[in-house]
Number of protein chains: 2
Amino acid sequence: MVTIKDVAATAGVAPSTVSYVLTGSRRVSEPTRTAVRAAIDALGYHPNAGARSLRSTRTHVIALALPLSSSGYLPVGGRFMHGLSLAAGDLGYDLLLLTVREDDAGAHGLERAARGKLADVAVIMGVEMEDPRIGAMDALGFPVVVLGRPADEDAAPWADLDWEEAAVASLRLLHEAGHRRLCFLSTVGKDIASGRSYSVRGLRGAERAATELGVPVRTLPSSEDSAVLHRRLGALFDSDDAPTALAVQHPAAVPGILRHLAERGTEVPRDVSLVAVGSFPEDLGGLDVTRIELPVGRMSSAVARLAVAAAHGGPAVHDAPDGRSELIPPEITRGGTVAPPA
Amino acid sequence: MVTIKDVAATAGVAPSTVSYVLTGSRRVSEPTRTAVRAAIDALGYHPNAGARSLRSTRTHVIALALPLSSSGYLPVGGRFMHGLSLAAGDLGYDLLLLTVREDDAGAHGLERAARGKLADVAVIMGVEMEDPRIGAMDALGFPVVVLGRPADEDAAPWADLDWEEAAVASLRLLHEAGHRRLCFLSTVGKDIASGRSYSVRGLRGAERAATELGVPVRTLPSSEDSAVLHRRLGALFDSDDAPTALAVQHPAAVPGILRHLAERGTEVPRDVSLVAVGSFPEDLGGLDVTRIELPVGRMSSAVARLAVAAAHGGPAVHDAPDGRSELIPPEITRGGTVAPPA
DNA sequence: CTGTGGCGTCGAATCGCTTCGACAAGCCGG
DNA sequence: CCGGCTTGTCGAAGCGATTCGACGCCACAG
């Protein structure tokens with residue numbers, strides 16, 4: 001193993017000087033710096049992470065806590081992990097994956113990471129409105145950042161799509177197209193029940209849209225079980241005041257919904273208009289659906305930035321330029337699934 | 001911060017004794033062990049990961065290398081990361097995510113992890129038949145394990161679904177149902193071009209099936225761009241010898257395929273039979289498709305086991321009981337998309 | 001009563017790095 | 001020509017764990 005001593009010997013300087021070149025914590029003259037760099041390259045030296053973190057109390061690692069219950073979250077989770085990993089990498093940080101077992105009520109993995117200094121800061125995914133993990137980390141004095149938007153917005157820095165506004169905007173779009181019988185198909189029941197932030201905020205948006213637009217907005221929970229969803233949609237469209245337009249916050253269900261509508265001879269957008277909220281480009285199998293896309297890249301880099309700031313500045317520096325939470329406004333991508341009602 | 005000294009003081013023993021209780025590397029008498037355990041719980045002590053890894057040269061971390069190009073891989077990647085994280089956790093290991101930037105030709109992240117001892121072993125995802133990362137890690141003397149099955153099966157321990165047999169089995173199933181004009185819709189062109197192991201092996205399976213079954217098997221690359229796929233399917237089914245049965249190794253495309261078929265008035269399974277290879281339960285939106293599912297859990301635990309074995313035993317111990325690679329036979333889940341030809 | 005050998009515990013060295021105080025050399029002004 | 005300041009480098013201490021040799025103690029045999 002090649003250590004800092006080897007580099008120092010090769011470059012003809014003291015180990016401390018090599019360290020200064022590496023960390024930049026003291027001035028080093030141009031010639032020595034060059035010599036040290038050359039030695040580093042020649043030997044293929046990389047500082048030992050354990051030693052470095054032991055001495056400097058910085059790991060340059062961000063702990064990433066997956067949702068408490070993660071089944072439906074994994075595909076989107078994959079994207080966020082990738083996005084976060086890239087964004088963190090740009091800032092000189094790595095990502096440590098902490099999976100919480102379903103039976104592990106507390107934040108055991110997180111606590112181990114905090115106490116054992118496996119990471120400098122934690123990022124919480126799939127946050128719930130009242131998420132116990134935030135308080136748990138706070139109690140340990142360990143910095144936390146949230147991917148999502150918890151109820152207490154000052155408890156920790158966070159970044160999220162403005163789901164409430166996204167719901168409002170999608171329903172408003174349908175309203176502007178002339179629709180008056182609107183339905184908001186929410187996230188899956190389990191997410192609503194557990195208080196997942198995006199679920200709750202989407203529903204709030206549906207409520208607010210009803211008030212703002214002055215028309216009723218029906219609300220329906222989605223389901224991962226397509227048979228259940230099928231049944232619910234059947235009941236919905238069989239009713240007297242069947243909606244003429246649908247905003248869907250569960251994009252994975254869109255293909256199933258379209259199939260359901262096709263089966264009952266309903267055409268999109270002729271008979272029913274559709275907007276998807278929180279999807280990805282490929283998510284919908286290339287369907288040209290009018291939609292609001294989840295800004296994975298922007299959320300990821302915002303969270304990475306916040307995490308690094310929190311790691312440096314200690315917990316929650318809300319007024320610092322880099323510590324401010326970020327609420328991302330929804331952007332509508334126009335597709336071919338919205339038309340005036342028949 | 002609570003250190004091993006604090007625990008030792010509280011328990012009235014020497015730090016080394018605490019260490020022995022923790023690592024189990026020396027006998028400790030029952031009373032002392034109990035006292036130490038009590039002190040640990042009372043103080044909420046967790047050993048400092050950096051210090052531990054510095055001294056013991058074990059990090060208890062598995063580095064996870066995402067595919068070189070990961071766009072289409074992310075949803076399935078999310079599942080594997082989760083599965084691996086759980087399996088690794090059971091063995092006392094954590095997962096460090098290494099993302100390779102598209103422009104980073106070599107295995108820079110991996111090399112950093114290896115040289116800087118960020119991890120004990122690396123797991124390679126989305127492996128290619130001739131994957132440069134395996135050799136790179138070998139050259140560094142760093143243990144590698146592969147999620148997938150590279151061309152050189154002795155280069156590193158690996159675990160994978162038997163994609164070749166999966167392709168054969170799905171085509172055989174269609175043949176047994178009476179179909180003679182078969183088509184194998186492969187993975188996306190990019191994966192084939194880059195030599196992704198599952199793509200190549202799936203195609204080999206299609207070839208072998210043709211030989212074994214004594215009928216021609218047409219082969220078509222899939223595409224992430226549904227317009228392209230649409231066009232290809234159009235050409236396929238417009239041809240004189242249009243297939244009556246389809247085996248699809250790109251499950252994400254299945255909804256789109258069904259839509260395409262529906263549009264042209266082709267009914268499944270009346271006019272065309274369909275088998276999906278490498279899907280997940282929810283992947284197909286609850287569609288009752290006859291399919292071979294990707295055994296994420298089993299692959300994950302196999303790879304985790306191999307990784308830990310490699311971390312302990314040094315590179316590639318193929319004859320050790322825990323070091324043997326695992327080829328998982330495909331299992332067919334019967335659905336409603338296969339019927340005899342018209 | 002003393003010699004021998006386990007067993008269990010201790011103290012000290014050490015892993016590779018960062019960081020702080022010290023110091024040598026060069027420069028300038030008085 | 002010398003005192004004081006800046007600039008650049010060095011040596012040593014120490015982070016928190018593991019690990020090895022040493023050692024005290026007790027039981028038992030001679």
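In this text, all values refer to a predicted model and were calculated from it rather than measured experimentally. Below, chains carry the letters A, B, ... as their sequence lines are ordered, and counting in each starts from 1. Quick note: numbers below take in every heavy atom, side chains included, and nothing from hydrogens, waters or symmetry partners.
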Could you pull out the closest heavy-atom pair between B/Asp160 and B/Ser197, with the gap in Å? OD2-OG, 4.1 Å
Give one of base, sugar-phosphate or nothing for B/Thr3, where a contact means two heavy atoms less than 4.0 Å apart. sugar-phosphate
Nearest-nucleotide wise, let me know which of A/Lys5 and B/Val28 is further upstream toward the 5' end of DNA chain C. B/Val28
For a quick check of understanding: with a heavy-atom distance under 4.0 Å over all strands, which category does B/Val13 fall into, base, sugar-phosphate or nothing? sugar-phosphate
Would you say B/Arg27 places a side-chain N or O within less than 4.0 Å of OP1 or OP2 belonging to C/dC7? no
Could you tell me how far apart A/Arg52 (CZ) and C/dT19 (C1') are, to the nearest whole angstrom? 13 Å
Would you mind classifying the nucleic acid contact of B/Thr57 as base, sugar-phosphate or nothing, using non-hydrogen atoms under 4.0 angstrom? nothing
Could you check whether A/Ser53 gets within reach of a base, just the sugar-phosphate, or nothing at all, counting any heavy atom under 4.0 Å? nothing
Ignoring hydrogens and angles, answer whether the base of D/dG8 and the side-chain atoms of A/Ser29 contain a donor-acceptor pair closer than 3.5 Å. no
Students often get this wrong, so: under 4.0 angstrom with heavy atoms, is A/Thr32 touching a base, only sugar-phosphate, or nothing? sugar-phosphate
Kindly indicate whether a cation-pi arrangement holds for B/Arg115 with B/Phe142, taking the cut-offs as under 6.0 Å to the six-membered ring centre and within 45° of the axis. no
Side-chain donor-acceptor pair under 3.5 Å between A/Ser29 and A/Thr32, yes or no? yes
Among the nucleotides D/dG8, D/dA12, D/dA17, whichever has the atom closest to the side chain of B/Ala51 is D/dA17
Tell me: CG of A/Leu43 to P of C/dG16, nearest whole Å? 15 Å
Go through C/dA12, C/dG16, D/dC10 for me and flag the one nearest to the A/Arg55 side chain. C/dG16
On the ring face of A/Tyr73, is A/Arg196 found with NZ or CZ under 6.0 Å from the centre and within 45° of the axis? yes
A/Ser19 has a side chain; which of D/dT19, D/dA17, C/dT19 sits nearest to it? C/dT19
Starting at the 5' end of DNA chain C and moving along, which residue's nearest nucleotide shows up first, A/Thr17 or A/Met1? A/Met1
Is there a donor N/O on one and an acceptor N/O on the other, under 3.5 Å, for the side chain of A/Arg115 and the base of D/dG16? no
Mind calculating the distance between CG (A/Leu54) and C1' (D/dA13) to the nearest angstrom? 13 Å
Could you state the NE2-P distance from A/His46 to C/dG16, rounded to the nearest angstrom? 17 Å
Residue A/Ile4, side-chain heavy atoms: nucleotide from D/dT9, D/dG8, C/dC17 that is nearest: C/dC17
For the pair made of CZ in A/Arg58 and C1' in C/dG16, what is the distance, rounded to whole Å? 19 Å
Please state how far atom CG in A/Asp6 lies from atom P in C/dG16, giving the value in whole angstrom units. 9 Å
Pairing of A/Arg305 and A/Glu326 as salt bridge, 4.0 angstrom limit: yes
Base C/dG21 to side chain A/Arg26, donor-acceptor N/O within 3.5 Å cut-off: yes
In whole Å, I'd like the distance from the OH atom of A/Tyr45 to the P atom of C/dG16. 10 Å
For A/Trp158 and A/Leu327, run side chain to side chain contact (heavy atoms under 4.5 Å, CB included): C-alpha distance rounded to whole Å, both residues' side-chain angles, the deciding distance at 0.1 Å, then the answer. CA-CA 8 Å; A/Trp158 52 266; A/Leu327 185 62; 4.0 Å; yes
Listed nucleotide nearest any side-chain atom of B/Asn48, set D/dT19, D/dC15, D/dA17: D/dA17
Atom pair distance, as rounded to whole Å: NZ in A/Lys117 and P in C/dT18: 15 Å
